[in-house]
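What follows is a short report on a single structure.
Here is the naming used below: chain letters follow the sequence lines, and residue numbers restart at 1 for every chain. Predicted, not measured: the structure shown is a model, and the values here were computed from it.
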Amino acid sequence: MDTIFIKAFKEILREHLVEKNSIEIDGFGAFEVIHYEQHQKRYSNGKVVMMPPKDVLEFKSNIKVSNDN
Amino acid sequence: MTIDRKKLIELLTDKTDLAREDVEAQLDQLIERIIDAADRGKALEIKEFGLFFFDQDGELKFEPSEELSTEISFKYAGMKPVELKPERNTAIPRDDDQISNIVGDDVIVVPKTDQKSSTEKSKPTPKPKSEPSSKPIIKKTPRKKKDRSAVWAILAFISVLIFGSILYFNRPMNTISDGSIEVNEPVQQDTEITGLTENDSNTENFEENSDESGEESEIEVQISDEVQIPNEEQMNESEVSTQGELYGLTGNLIEEANDGYSIVVHSFYNEFRASQVADNLSTEGYRTQVTSRTVGGIEVWRVSLGQFESIPDAQEVADSLPEPYNENNFIQRIQQQ
């Protein structure tokens with residue numbers, strides 16, 4: 001596999017994911033950036049904190065293998 | 001926007017100058033290798049991009065690298081959970097501070113207790129009827145409980161001062177209508193406190209008091225000194241406080257308000273760029289701040305608006321900001337330097 005191809009693949013995916021675009025590759029899966037709003041959270045010790053917002057990259061794929069082996 | 005396989009191949013073709021067929025073949029090969037590696041129980045890592053692997057349920061998963069995660073969530077990078085301020089810690093000390101600032105250190109609690117003890121000891125000396133009305137207020141301040149009783153005593157004393165000052169300002173009207181007819185106890189207190197003894201009946205009472213106990217007259221002088229000064233200062237303070245609010249979205253930054261929260265609307269790698277944007281926002285009238293955070297060794301510069309006492313206050317204002325800030329913001333605690 002070509003190094004130039006791998007480099008270009010990484011760069012293109014990074015560019016579009018930073019722009020919050022989703023990328024769907026048939027037969028493989030989809031990359032999507034999910035935004036989580038800030039929210040309050042109570043810890044078990046009673047302390048209440050404000051969780052910061054964040055953008056998370058999530059990957060969803062239909063490819064599945066059996067764990068029989 | 002969604003990039004599908006066809007669009008991705010186009011982009012890769014443009015970027016690599018390879019033939020479309022080659023790009024398609026290489027993409028298929030890459031996918032195949034990822035699945036093969038994962039199938040063999042190994043994770044395939046694309047450096048500075050992420051890791052592909054099969055999880056326990058046999059599903060193909062992807063874990064982005066730290067660099068990619070930071071870049072995607074760059075705006076919020078380095079943010080940590082903010083502990084919400086417990087109300088108890090903030091409310092009580094502030095009240096104490098305010099009281100100590102207004103009244104000053106030389107609170108008249110000590111003379112009151114001295115007077116209390118002296119009045120208890122010197123019971124035989126007869127008192128005029130007008131005095132008991134003023135004494136209960138003094139007796140209500142127990143000396144033993146220092147923490148709370150001191151605060152309550154100060155509050156009671158302030159209320160007496162305010163009451164006295166109100167009577168003082170209303171006095172001329174009262175003396176015209178009532179002063180000649182009856183010896184009004186509050187009026188008498190008022191004249192003692194303020195030291196203005198225009199009314200004949202009041203001056204008589206004042207002289208009687210001073211004859212009976214020298215201590216009381218001293219106390220009265222102290223009170224009169226204190227009342228006259230706060231009347232002017234409190235007026236000035238109230239005028240100042242109405243001119244500018246401590247917390248808010250617009251205006252100039254106030255250092256005392258840096259114990260609160262602000263609304264972050266921009267994040268930059270470049271300090272100069274952050275300062276530029278902050279300056280532009282300042283010219284629009286916002287209180288702006290540029291703060292730096294180090295995230296994974298990289299320094300990030302954030303531009304934030306306003307100074308707010310609490311997160312709900314900041315949130316409320318953030319929702320009313322103009323686009324795109326109203327939807328694209330987050331709240332952070334202001335870093336005190």
Does the distance from a Lys or Arg side-chain N to an Asp or Glu carboxylate O, for A:Asp55 and B:Lys75, drop under 4.0 Å?
no
Is it true that the side chains of B:Asp259 and B:Tyr247 contain a donor and an acceptor less than 3.5 Å apart?
yes
Is any side-chain heavy atom of B:Ile263 closer than 4.5 Å to a side-chain heavy atom of B:Val317?
yes
Greatest number of non-hydrogen atom pairs under 4.5 angstrom with chain B, of A:Lys20, A:Arg14, A:Met51, falls to A:Arg14
Do B:Tyr286 and B:Tyr325 make the cut of ring centroids closer than 6.0 angstrom?
no
Hey, are the side chains of A:Glu24 and B:Ile3 touching, using non-hydrogen atoms and a 4.5 Å cut-off?
no
Which atoms of A:Glu58 are under 4.5 Å from chain B, going by heavy atoms: the side chain, the backbone, both sets, or neither?
neither
Residue B:Ile9 versus chain A: region with a heavy atom under 4.5 Å:
neither
Checking an interface table here. Which of residues 10-24 of chain B come within a heavy-atom distance under 4.5 Å of chain A?
B:Leu11, B:Leu12, B:Lys15, B:Thr16, B:Leu18, B:Val23
Set out, in order, the CA-CA distance, both residues' side-chain angles and the distance that settles ring pair (Phe, Tyr, Trp, His ring centres under 6.0 Å) for B:Phe330 and B:Tyr261, then state yes or no.
CA-CA 10 Å; B:Phe330 63 85; B:Tyr261 302 85; over 10 Å; no
Less than 4.5 Å to any heavy atom of chain B: does that hold for the side chain of A:Gln40, its backbone, both, or neither?
side chain
Salt-bridge contact B:Arg5-B:Asp28 (side-chain N to carboxylate O under 4.0 Å):
yes
Within the 3.5 Å criterion, strictly below it, is a donor on B:Ser282 or B:Asp279 matched to an acceptor on the partner's side chain?
no
Looking at B:Val82, B:Ile46, B:Ile331, which one has more heavy-atom pairs under 4.5 Å with chain A than the rest?
B:Val82
Against chain A, label B:Gln315 side chain, backbone, both or neither, depending on which of its atoms sit under 4.5 Å from a heavy atom there.
side chain
Just wondering, more than 12 heavy atoms not from A:Ile4 lying within 6.0 Å of its CD1?
no
Tell me, for B:Lys6 versus chain A, whether the close heavy atoms (under 4.5 Å) come from the side chain, the backbone, both or neither.
neither
Aromatic ring proximity B:Tyr76/A:Tyr36, centre distance under 6.0 Å
no
Identify which of A:Ile25, A:Asn62, A:Asp26, A:Ile12 forms the greatest number of heavy-atom pairs closer than 4.5 Å to chain B.
A:Ile12
Checking A:Leu57 against chain B: side chain, backbone, both or neither under 4.5 Å from a heavy atom?
both
Using non-hydrogen atoms only, which part of A:Lys47 is less than 4.5 Å away from chain B: side chain, backbone, both, or neither?
side chain
Which bit of B:Phe74 is near chain A, if near means a heavy-atom gap under 4.5 Å: side chain, backbone, both or neither?
neither
So, B:Lys61 and B:Glu59, do they make that salt bridge, N to O below 4.0 Å?
yes
